[in-house]
Amino acid sequence: MTGMEFLASFLTTGELYGLGVGSTLDEVDRALPHPFVDVVGEEGEWLRRDYGLVEFAFTPEPDPGPASEWLVATVTVQLHRLASDDDLACAWERSMGVAFPRYTSWEELREELSRTHGIPELKVTDQGGFLQYRAASSNVSVLVVDDRDEERGERVGDGDVWSLDLWAPFRSG
């Protein structure tokens, strides 16, 4: 699978390898056979699992019991890391079967989206140096560099995708 296909699927479905908000840590472990680093909050109130290209943030179940589980709260695809780490894309392709280019432009991702079933409506907001394209239907947002002075090199450039974020929708009590 190409990185563009992977990202377009994530943006339209809100799922990454069948995982989304509310998936358990065990489900993530089974779906991603890739090395990672865990960081746990001082009081155990959160867990961040960093796979290099993808990060998962977990929170404990709302009503923790004796067998409480960590649940996915957010997922971030950190595309900007590919610009400065040549090995990251190769390692991800070897273990996960997805080939990413060093840079992903928003224009290329939009083109891939146009070939995808169920294209979400995107709300655009200026984030000061970035544009955020937010898909309420999938709860995924795309952060795109919006700075004409930013050129490709060890960092992504103007018009490149910085990251994609899956976020939990606000639920009123």
Side-chain angles (χ1 to χ4, degrees), residues 1-62 64 67-106 108-109 127-135 138-145 150 152-157 160-170:
M1 173 183 278
T2 70
M4 290 298 176
E5 293 166 334
F6 176 85
L7 297 171
S9 173
F10 181 48
L11 184 53
T12 56
T13 66
E15 291 189 348
L16 198 71
Y17 298 106
L19 304 166
V21 171
S23 294
T24 67
L25 182 59
D26 287 340
E27 290 169 332
V28 173
D29 285 342
R30 285 191 299 273
L32 278 88
H34 191 81
F36 59 86
V37 173
D38 279 342
V39 178
V40 180
E42 285 184 29
E43 296 179 26
E45 70 278 16
W46 54 266
L47 165 68
R48 183 175 59 89
R49 176 161 288 180
D50 188 344
Y51 289 91
L53 181 61
V54 176
E55 288 183 14
F56 287 83
F58 298 86
T59 55
E61 284 182 289
S68 179
E69 291 201 64
W70 289 105
L71 301 177
V72 171
T74 64
V75 181
T76 304
V77 181
Q78 303 280 11
L79 289 173
H80 63 95
R81 293 179 178 175
L82 294 171
S84 62
D85 188 343
D86 294 333
D87 297 331
L88 186 56
C90 293
W92 196 262
E93 184 175 11
R94 271 193 311 275
S95 66
M96 301 306 299
V98 180
F100 282 96
R102 186 171 181 189
Y103 308 102
T104 300
S105 76
W106 174 237
E108 292 168 321
L109 182 52
Q127 299 290 320
F130 294 92
L131 292 175
Q132 181 185 51
Y133 295 84
R134 198 167 181 149
S138 63
N139 298 325
V140 175
S141 61
V142 181
L143 206 56
V144 178
V145 177
E150 287 294 330
R152 286 180 169 178
E154 291 295 308
R155 294 176 44 130
V156 295
D160 285 332
V161 177
W162 182 267
S163 65
L164 282 82
D165 299 287
L166 171 64
W167 39 272
F170 175 78

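The CG atom of Leu109 lies 10.5 Å from the OH atom of Tyr133; values are rounded to the nearest 0.5 Å. How far CH2 of Trp92 is from CZ of Phe6: 6.5 Å, rounded to the nearest 0.5 Å. The distance from the OG1 atom of Thr59 to the CH2 atom of Trp46 is 12.0 Å, given to the nearest 0.5 Å.
A distance-only check finds no donor-acceptor pair linking the side chain of Tyr103 to the backbone of Val161 [under 3.5 Å]. Between the side chain of Gln127 and the backbone N or O of Gln132 there is no donor-acceptor pair closer than 3.5 Å. No donor-acceptor distance shorter than 3.5 angstrom exists from the side chain of Glu93 to the backbone of Cys90, with no hydrogens or angles considered. Counting only distance, with no hydrogens or angles, the side chain of Arg102 and the backbone of Ala83 share a donor-acceptor pair below 3.5 Å. At least one donor-acceptor pair closer than 3.5 Å links the side chain of Thr13 to the backbone N or O of Ser9.
Counting only heavy atoms from C-beta outward, the side chains of Ser105 and Asp160 approach each other to under 4.5 Å. Taking the side chain as every heavy atom from C-beta outward, Leu166 and Leu16 never approach each other to under 4.5 Å. The shortest side-chain heavy-atom distance between Leu53 and Phe100 falls under the 4.5 Å cut-off. Between Trp106 and Val142 the shortest side-chain heavy-atom distance falls below 4.5 Å. Side-chain contact between Val75 and Trp167: absent, with no pair of heavy atoms (C-beta onward) separated by less than 4.5 Å. Side-chain contact between Leu7 and Thr2 is absent, with no heavy atoms from C-beta onward closer than 4.5 Å. The side-chain heavy atoms of Asp38 and Arg48, taken from C-beta on, include no pair separated by under 4.5 Å.
The residue from Val72, Leu71, Val40, Thr74 that alone fulfils the side-chain contact (heavy atoms from CB on, under 4.5 Å) condition with Phe58 is Val72. Trp70 pairs in a side-chain contact (heavy atoms from CB on, under 4.5 Å) with only one of the listed residues (Leu25, Asp26, Thr24, Val28), which is Leu25.
Taking a cutoff of 4.0 Å between a charged side-chain nitrogen and a carboxylate oxygen, Arg49 and Glu55 do not qualify as a salt bridge. Ion pairing between Asp87 and Arg94 fails under the 4.0 Å rule for side-chain N and carboxylate O.
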- Task: Could you walk me through whether Leu19 and Leu32 pass the side-chain contact (heavy atoms from CB on, under 4.5 Å) test, one step at a time?
- Result: CA-CA 10 Å; Leu19 304 166; Leu32 278 88; 3.4 Å; yes
- Message: Checking Tyr17 against Val98 for the side-chain contact (heavy atoms from CB on, under 4.5 Å) test, could you report, in this order, the C-alpha distance in whole Å, the side-chain angles of both residues, the deciding distance, and whether it holds?
- Response: CA-CA 11 Å; Tyr17 298 106; Val98 180; 3.3 Å; yes
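The heavy-atom pair separating Thr12 from Ser138 by the smallest distance is O-CB, 3.6 Å. The two residues Gly44 and Pro60 make their nearest non-hydrogen contact at O-CG, 4.1 Å.
Ring geometry for His34 against Tyr51 counts as tilted: the plane angle lies between 30° and 60°, on a 0 to 90° scale.
Checking Thr76 against Asp165 by side-chain atom types alone, a donor-acceptor pair falls below 3.5 Å.
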